[in-house]
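Written below as structure tokens is the structure these notes are about.
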Amino acid sequence: MKPYFAFQWHITDACDQRCKHCYIFAENNCKKLTEMTWEKMRQVVSSCEEMCEKIGRTPYFYITGGDPILHKDFWKLAELLKEKNIRWAILGNPFHLDDKVCQKLHEHGCVKYQLSLDGIRETHDIFRKPGSFDTTLEKIDCIKNAGMFCAIMSTVSSANISEFPQLIDLCAEKNVDVFAFGRYCPTSGQKSEEYHIPPKQYRNFMNMCHRKFAEHKANGCKTTFQLKDHLWTLYFYEKGIFKLPENSDPNMIYDGCHCGIGHMTILSTGDIYACRRMESKIGNVFETPMYELFVGNELEAYRQFDKFEKCSKCELRGYCRGCPAVTFGYTGNMYAPDPQCWKEYNDITGEKLC
């Protein structure tokens, strides 16, 4: 199996929710809901296949929106991906799921359905909409019973950080297949201070999560606690769990943010973003083939790793680099220091990082 290249594909803007931290409807965007036509969706699949063939990767689609199931040609797309034997998953809402729909998704090759929980009932429903929490919990079993993996994704901020111990316990109790969290990413229409977590508090939060994950694993929990945030590398490095490989090339990128390396985002208009969580448009798939966008100068601008003001001085440069999208949300510059990174010195050279 060749390494996967992930495409986060927003096939429609239609959605039942208007979540407080959603980037789709932020900044007065989406004044008009857009839905990609069937013919254009076929073009996208072909262009992505061509790109992956040329770079020696296997395509993997995260179909999303909006809520992708609301697209009038969603099932035609599902059938196409099944015919081409392309692995795909959904990042969506719980509201249109039942046993029959979940079984149909599974039969069409959907391997995973990702839902969101952003706190316990009251907090989550404030972020999403009333009733969303209970509906999400109800649909976990529908997804799993159909044979798909169920993933729960959370957005952590100062508004819900205290509820994460309960949230982790709940996901373990529900036996979800994957639990992960990402940090709140401000848009230009939001004040970064509103949901900010200071660096040392964030490290303490990660320490709590690591302890809870270990406790559940020791008790036989089968949930995969996915370490999505690249600051986990820093955390494990300080704990002595992660060590820099011998003879590693300091100029190489081995891990960390995959922006411009292992994923791109496709919007319902055909616009292509290096990362959807920040303003990073590099072109349009209906004007320029995906392969040309991947090797082009517009995307190369997001692979200038020596421009990282703090990370370029750090021994973990090739493995971490924090989250450029979160950094962009705070500063407007993805290469500025990550607002939650607590590291102050290069532990090898002793150089001050910022």
Side-chain angles (χ1 to χ4, degrees), residues 1-13 23-24 34-66 68-69 71-92 105-114 148 252-305 324-325 334:
M1 175 67 71
K2 299 174 184 177
Y4 283 113
F5 193 98
F7 299 97
Q8 180 176 321
W9 187 3
H10 298 257
I11 63 174
T12 180
D13 296 330
Y23 45 78
I24 302 296
T34 304
E35 182 172 280
M36 189 176 289
T37 66
W38 167 236
E39 286 303 319
K40 287 187 174 181
M41 287 197 292
R42 293 182 62 180
Q43 291 180 46
V44 167
V45 173
S46 295
S47 192
C48 291
E49 283 185 300
E50 178 188 34
M51 173 192 137
C52 286
E53 183 178 353
K54 288 183 177 180
I55 67 174
R57 305 289 279 273
T58 298
Y60 189 108
F61 287 103
Y62 287 94
I63 309 298
T64 187
I69 291 180
H71 193 297
K72 63 182 176 64
D73 291 318
F74 168 77
W75 293 108
K76 291 172 70 173
L77 175 61
E79 185 65 35
L80 177 65
L81 296 176
K82 178 183 179 181
E83 290 174 359
K84 290 178 172 290
N85 198 29
I86 295 175
R87 287 173 67 85
W88 60 285
I90 288 184
L91 315 179
L105 286 168
H106 177 62
E107 291 170 355
H108 280 75
C110 182
V111 296
K112 180 174 68 176
Y113 199 108
Q114 179 177 295
M148 293 182 289
M252 287 290 291
I253 298 299
Y254 297 96
D255 203 351
C257 176
H258 291 175
C259 176
I261 302 173
H263 76 75
M264 290 192 284
T265 297
I266 307 162
L267 301 193
S268 56
T269 58
D271 287 342
I272 306 299
Y273 277 52
C275 173
R276 187 58 189 95
R277 298 221 303 161
M278 63 179 172
E279 292 298 319
S280 57
K281 180 181 174 180
I282 62 168
N284 188 288
V285 66
F286 303 124
E287 299 170 0
T288 309
M290 290 295 290
Y291 175 73
E292 292 182 23
L293 290 172
F294 178 72
V295 299
N297 292 332
E298 289 80 5
L299 189 58
E300 187 63 27
Y302 295 90
R303 299 187 285 238
Q304 304 293 317
F305 303 111
M334 65 172 279

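Note that the coordinates shown come from a computational prediction; the quantities given were computed from them, not determined experimentally.
Of all heavy-atom pairs spanning Phe7 and Cys52, the tightest one is CE1-SG, 3.7 Å. The heavy-atom pair separating Thr12 from Pro68 by the smallest distance is CG2-CA, 4.0 Å. Lys82 and Glu107 get closest at one heavy-atom pair: NZ-O, 3.1 Å. Listed here is the closest heavy atom pair of Trp88 and Ile63: CE3-CG1, 3.9 Å. Gly270 approaches Phe286 most closely through the heavy-atom pair CA-CE1, 3.6 Å. Across every non-hydrogen atom of Arg57 and Ile261, the tightest pair is NH1-O, 3.8 Å.
Taken to the nearest 0.5 Å, the CD atom of Gln8 stands 9.0 Å off from the CG atom of Leu267. In this structure, OG on Ser47 lies 7.5 Å from CG on Leu293, to the nearest 0.5 angstrom. Atom NE2 in His258 sits 15.0 Å away from atom OH in Tyr4 (nearest 0.5 Å). Interatomic distance, Cys257 SG to Met334 CE, rounded to the nearest 0.5 Å: 6.5 Å. Rounding to the nearest 0.5 Å gives a distance of 9.5 Å between CG of Leu81 and CE of Met41. We find the CD-CD1 distance between Glu300 and Ile282 to be 11.0 Å, quoted to the nearest 0.5 Å.
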Could you walk me through whether Lys112 and Tyr62 pass side chain to side chain contact (heavy atoms under 4.5 Å, CB included), step by step? CA-CA 9 Å; Lys112 180 174 68 176; Tyr62 287 94; 3.9 Å; yes

Check the pair Val285, Gln43 against side chain to side chain contact (heavy atoms under 4.5 Å, CB included), reporting the backbone distance first and the verdict last. CA-CA 9 Å; Val285 66; Gln43 291 180 46; over 6 Å; no

Residues Met278, Tyr302; criterion side chain to side chain contact (heavy atoms under 4.5 Å, CB included); working and verdict: CA-CA 12 Å; Met278 63 179 172; Tyr302 295 90; 4.1 Å; yes

Can you check side chain to side chain contact (heavy atoms under 4.5 Å, CB included) on Phe74 and Ile90, steps first, answer last? CA-CA 11 Å; Phe74 168 77; Ile90 288 184; 3.6 Å; yes

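Heavy atoms from other residues, nucleotides or ligands lying under 6.0 Å from CD of Glu53 number 12 at most.
You'll find the side chain of His71 stays beyond 4.5 Å of the side chain of Leu77, heavy atoms only. Looking only at side-chain heavy atoms (C-beta outward), Glu83 and Ile86 stay at 4.5 Å or farther from each other. Using a 4.5 Å heavy-atom cutoff, the side chains of Thr265 and Arg277 are not in contact. Side-chain contact between Met264 and Met290 is present, with heavy atoms from C-beta onward closer than 4.5 Å. Using a 4.5 Å heavy-atom threshold, the side chains of Trp75 and Leu105 count as touching. Counting heavy atoms from C-beta on, the side chains of Thr64 and Gln114 never come closer than 4.5 Å. Using a 4.5 Å heavy-atom threshold, the side chains of Pro324 and Cys259 count as separate. The shortest side-chain heavy-atom distance between Trp9 and Met36 falls under the 4.5 Å cut-off.
The main-chain N or O of Thr269 is found under 3.5 Å from a side-chain atom of Asn284 such that the two form a donor-acceptor pair. Proximity of a side-chain donor or acceptor of Ser280 to a complementary backbone N or O of Cys275 within less than 3.5 Å is detected.
By the 30° and 60° cut-offs, the orientation of the rings of Phe5 relative to Phe294 is perpendicular.
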